[in-house]
Amino acid sequence: MEVDEDEVVPTVKKLKNKQRVLLLSSRGITHRMRHLMNDLEALLPHVKKDSKLDSKSQLNLLPELADLNNCNNTLYFEARRHEDLYLWAAKTPNGPSIKMHVQNVHTMDELKMTGNCLKGSRGLLSFDAAFEDTEWGRLVKELFTQMFGVPSTARKTKPFIDHILTFSIVDSKIWFRNFQILENDPSQPNGPPQTSLVEIGPRFVLTPIRIFEGAFGGATVFSNPEFISPAATRMALKREKGGKYNQRKDAEADTQRRKDSRRLEEDALGVSKVFS
Amino acid sequence: MGKINKFKEPATSGSKPKSKKLPRPSELSVPENLVSKSGQQESKGKGKAVAPASSSIPSKAIKKIKAFSPEPVQSEIDDHEEGSDSEDDGVDEEGMARLMKALGDDGLDELGQAELGALEGEEGDEDEESECDEEVLELGSDEGEEPSGEEREDESAGESIEGIPLSDGSSDEDVEDGEQADIPLDEVSNVDEDVVPRQKVEIDNKLALDQIRETVKLDSTLPWTETLVLSYPHTIDVDVDDDLNRELAFYKQALHGANAARALAAKHNFPFTRPADYFAEMVKSDAHMERIRIRLLNESSGIKKSEDKRKEREGKKFGKQVQIEKLKEREKSKKEMEERLKALKRKRKDVLDGPKANDEEFDVAVEDAISDRPSKRGKTGNGKSIPRSVRDKKFGFGGPGRRAKQNTKSSTDDFDSSKAGRGKKGAGGPKPKGGGSGRHSSKRLGKSRRQATRSK
């Protein structure tokens with residue numbers, strides 16, 4: 001029997017970027033951190049927000065959680081001592097993970113951020129040239145592209161381009177800003193089209209601490225030498241304050257010692273010797 | 001200066017004694033990072049040349065690191081090194097004693113113990129011990145300071161013994177430029193966050209980073225519309241503390257991105273601009289935007305108000321003077337007006353009194369009087385002007401008219417002369433009173449009739 005072998009034409013599937021991000025926090029989170037999380041949830045439609053993670057030490061549960069929710073990325077906000085915030089960004093099956101320290105958080109609620117954008121619109125991502133200068137920078141760029149960049153296949157996306165997220169490396173920290181793109185200058189509504197930007201927020205600064213090979217664990221492939229933990233910063237400040245007394249006492253003892261060392265014997269022609 | 005202990009006055013640094021002293025910034029890796037950006041180069045430089053060796057850390061040490069809070073023992077080590085010029089090999093004998101207590105026999109083998117004994121024999125210095133204690137005590141109040149110090153000692157001690165074979169190891173760990181490979185500890189990945197890593201290792205495994213990136217990166221065949229990623233071609237080189245310029249740099253980056261994206265979107269036929277009639281849920285609610293708008297309005301009105309108030313305040317200073325001047329001027333002008341009118345009235349008295357009061361001419365005269373620049377014609381107007389002959393006689397040839405003698409012999413005898421009785425009035429001749437010039441001024445009407453005429 002002749003079997004005509006049909007030519008199997010390999011259907012060229014149009015490659016799409018499929019990303020889903022699991023967003024969660026640890027316990028002990030403050031209201032500012034919580035609002036930041038909510039802001040990110042509002043801005044990124046491909047994000048799935050989950051309940052708080054109970055234990056901070058069992059981070060190996062996170063890849064499983066991500067699997068459960070069909071997510072291939074995770075953004076985990078770890079709050080420590082009710083004042084420090086760390087952000088873990090990981091690609092969950094077995095991808096790399098970055099631990100970063102979050103500072104200078106300003107949420108969208110602040111009245112100085114006057115911009116607004118469509119909920120679910122896909123934002124542009126802009127990385128500055130410093131990301132290409134270092135290896136870790138390139139990796140971070142790749143990871144952020146997948147996490148903060150909304151894929152076109154996400155369900156809640158809206159069509160137009162409304163806002164732009166900028167990442168810049170200044171002082172070896174990553175600065176994040178979110179701007180709304182306006183066509184015309186708001187003061188001249190009928191003027192010629194001139195792009196202007198208004199900040200929507202949120203804004204924060206990330207200090208990379210370590211990059212691990214695996215998700216939430218594994219070998220360290222990068223550690224930032226310029227990172228000081230916030231606890232150490234506080235300690236150093238306090239010590240500085242406390243050291244003033246000690247320094248003064250030391251200085252006093254010094255002076256005394258020097259004076260003593262310079263003291264001379266009574267001269268032969270001294271008053272007490274002559275008029276003894 | 002025999003009294004001075006060499007440990008108190010190290011030859012290298014001519015500074016004050018180390019008792020009760022803060023660890024110097026160069027010795028501490030922690031505060032230096034606050035002060036300057038040079039990293040912990042100096043602190044690392046002081047340590048011994050031992051390679052990063054994660055495997056050499058005893059497991060006990062790791063656990064203890066996790067448990068205890070930070071303490072910059074490095075300073076201790078460095079102090080001694082600076083002062084003693086490698087006499088004690090960077091290890092404090094007091095610390096070693098504590099260490100031994102904690103670890104028992106596990107810490108050192110016989111060789112190590114022998115060395116320790118040798119060290120102990122050499123250093124019987126009280127000051128050193130007190131130094132250690134003070135250093136340790138002043139560093140925070142958390143429990144477990146001492147043991148953690150011991151841990152550090154242990155590691156450094158352990159590595160000093162096994163240092164050489166390990167220095168070649170871990171070939172895949174590139175150490176960043178500028179860092180001398182003398183920091184032995186590798187930071188364990190699951191260390192408690194509050195523990196300050198005393199001796200930091202810089203790891204920058206470029207190869208591994210590259211490989212990882214290759215595995216995770218997105219397919220490069222994806223069109224731009226899938227990722228919407230833009231690269232800004234410039235680095236941002238601004239002072240971090242200069243807020244305005246920093247934000248300006250970010251703004252510029254975003255602006256560049258937006259414009260580039262517009263071009264790219266046009267190329268890929270990707271909808272870019274949101275039409276004005278597209279209504280959908282926004283990230284910030286309408287109520288929130290309203291609050292923003294109100295705040296902006298309040299701001300601008302506040303600014304305006306303060307501007308106005310400032311102007312008023314400044315104006316007030318000069319306002320008083322201006323006011324006074326204005327009042328004065330007003331009074332003056334009033335007075336002037338009054339005077340002029342009075343003068344006019346006086347001169348026109350008889351005219352007014354009579355029925356033949358020519359209003360128009362009076363009005364003209366009044367106007368003339370109150371105006372600043374009286375007309376050149378003076379008070380003559382267009383009334384009966386003096387004939388040429390009379391003028392000639394009066395003003396011509398030196399004008400004898402006024403100045404001529406009047407009361408001469410001939411005039412006293414002359415009773416019918418034309419100018420009789422008019423001498424006085426004749427002086428005002430060339431200026432006849434307007435209408436009613438034929439009238440004799442002596443014919444003054446009675447009071448009531450005068451008033452009546454005036455009131456008309």
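All figures in this text were calculated on a predicted structure; none of them were measured in a lab. Numbers restart at 1 for each chain; the letters A, B, ... are given by sequence-line order, proteins then strands.
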With a 4.5 angstrom heavy-atom cut-off, could you sort out which part of A:Glu213 is near chain B: side chain, backbone, both or neither? both
Option in A:Glu199, A:Met113, A:Lys91 with maximal non-hydrogen atom pairs under 4.5 Å from chain B: A:Met113
Would you mind checking which part of B:Pro271 comes under 4.5 Å of any heavy atom in chain A, side chain (CB onward), backbone (N, CA, C, O), both or neither? both
Counting only non-hydrogen atoms closer than 4.5 Å, does A:Phe127 touch chain B with its backbone (N, CA, C, O), its side chain (CB onward), both, or neither? both
Counting heavy-atom pairs under 4.5 Å to chain B, which of A:Glu132, A:Lys112, A:Lys158, A:Lys56 comes out on top? A:Lys112
Let's test your reading of the structure: which of B:Asp219, B:Asp210, B:Thr227 forms the most heavy-atom pairs below 4.5 Å with chain A? B:Asp210
Could you grab the distance from atom NE2 of A:His101 to atom OG1 of A:Thr233, nearest 0.5 Å is fine? 7.0 Å
Could you tell me which portion of A:Arg177 (side chain, backbone, both or neither) has an atom closer than 4.5 angstrom to a non-hydrogen atom of chain B? side chain
Which one, A:Ser168, A:Pro96, A:Gly201, leads in non-hydrogen pairs under 4.5 Å with chain B? A:Ser168
Going through the distances and angles, do B:Lys206 and A:Thr134 end up as a side-chain hydrogen bond (donor to acceptor under 3.5 Å, both in side chains)? CA-CA 9 Å; B:Lys206 296 186 167 65; A:Thr134 57; over 6 Å; no
Could you tell me which portion of A:Leu197 (side chain, backbone, both or neither) has an atom closer than 4.5 angstrom to a non-hydrogen atom of chain B? both
Heavy-atom contact with chain A under 4.5 Å, split by part of B:Gln211: neither
ring-ring contact (aromatic ring centres under 6.0 Å, His included) against A:Phe144, all qualifying residues, sequence neighbours excluded: A:Phe148, A:Phe167
Answer with side chain, backbone, both or neither: which region of A:Ile164 has an atom nearer than 4.5 Å to a non-hydrogen atom of chain B? side chain
Parallel, tilted or perpendicular, as decided by the 30° and 60° cut-offs, for the rings of B:Phe270 and B:Trp224: perpendicular
Ionic contact status for B:Arg295 with B:Glu299, cut-off 4.0 Å: yes
Test A:Leu43 against A:Asn178 for side chain to side chain contact (heavy atoms under 4.5 Å, CB included), laying out the working first. CA-CA 10 Å; A:Leu43 280 177; A:Asn178 181 9; 3.2 Å; yes
Pick from A:Thr114, A:Val150, A:Thr166, A:Leu124 with the largest number of heavy-atom pairs that fall under 4.5 Å of chain B: A:Leu124
Can you tell me which portion of A:Asp133 sits under 4.5 Å from chain B's heavy atoms? Options are side chain, backbone, both or neither. side chain
Using side-chain heavy atoms (C-beta onward) and a distance below 4.5 Å, is B:Asp242 in contact with B:Val238? no
Return the option, out of A:Asp109, A:Leu165, A:Ile169, A:Asp39, with the maximum number of heavy-atom pairs under 4.5 Å with chain B. A:Asp109
B:Arg262 portion near chain A, given a 4.5 angstrom heavy-atom threshold: side chain
Do A:Trp136 and A:Phe131 have ring centroids that are under 6.0 Å from one another? no
Heaviest contributor of heavy-atom pairs below 4.5 Å to chain A, chosen from B:Thr221, B:Asn259, B:Leu255, is B:Leu255
For each of A:Val170, A:Asn17, A:Leu118, A:Asp162, tally heavy-atom pairs with chain B at distances under 4.5 Å, and name the one with the top tally. A:Leu118
Does the side chain of B:His288 reach to within under 4.5 Å of the side chain of B:Ile292, using non-hydrogen atoms? yes
Interface moiety of A:Asp128 toward chain B, non-hydrogen atoms closer than 4.5 Å: both
Toward chain B, the part of A:Lys238 with a non-hydrogen atom under 4.5 Å: neither
Side chains of A:Glu226 and A:Ser172: donor-acceptor distance under 3.5 Å anywhere? yes
A side-chain contact here means heavy atoms from C-beta on lying under 4.5 Å apart; do B:Arg274 and A:Ile161 qualify? no
Heavy-atom distance under 4.5 Å to chain B: side chain of A:Ile211, backbone, both or neither? side chain
Going by the angle between their ring planes, with limits at 30° and 60°, are B:Tyr232 and B:His256 parallel, tilted or perpendicular? perpendicular
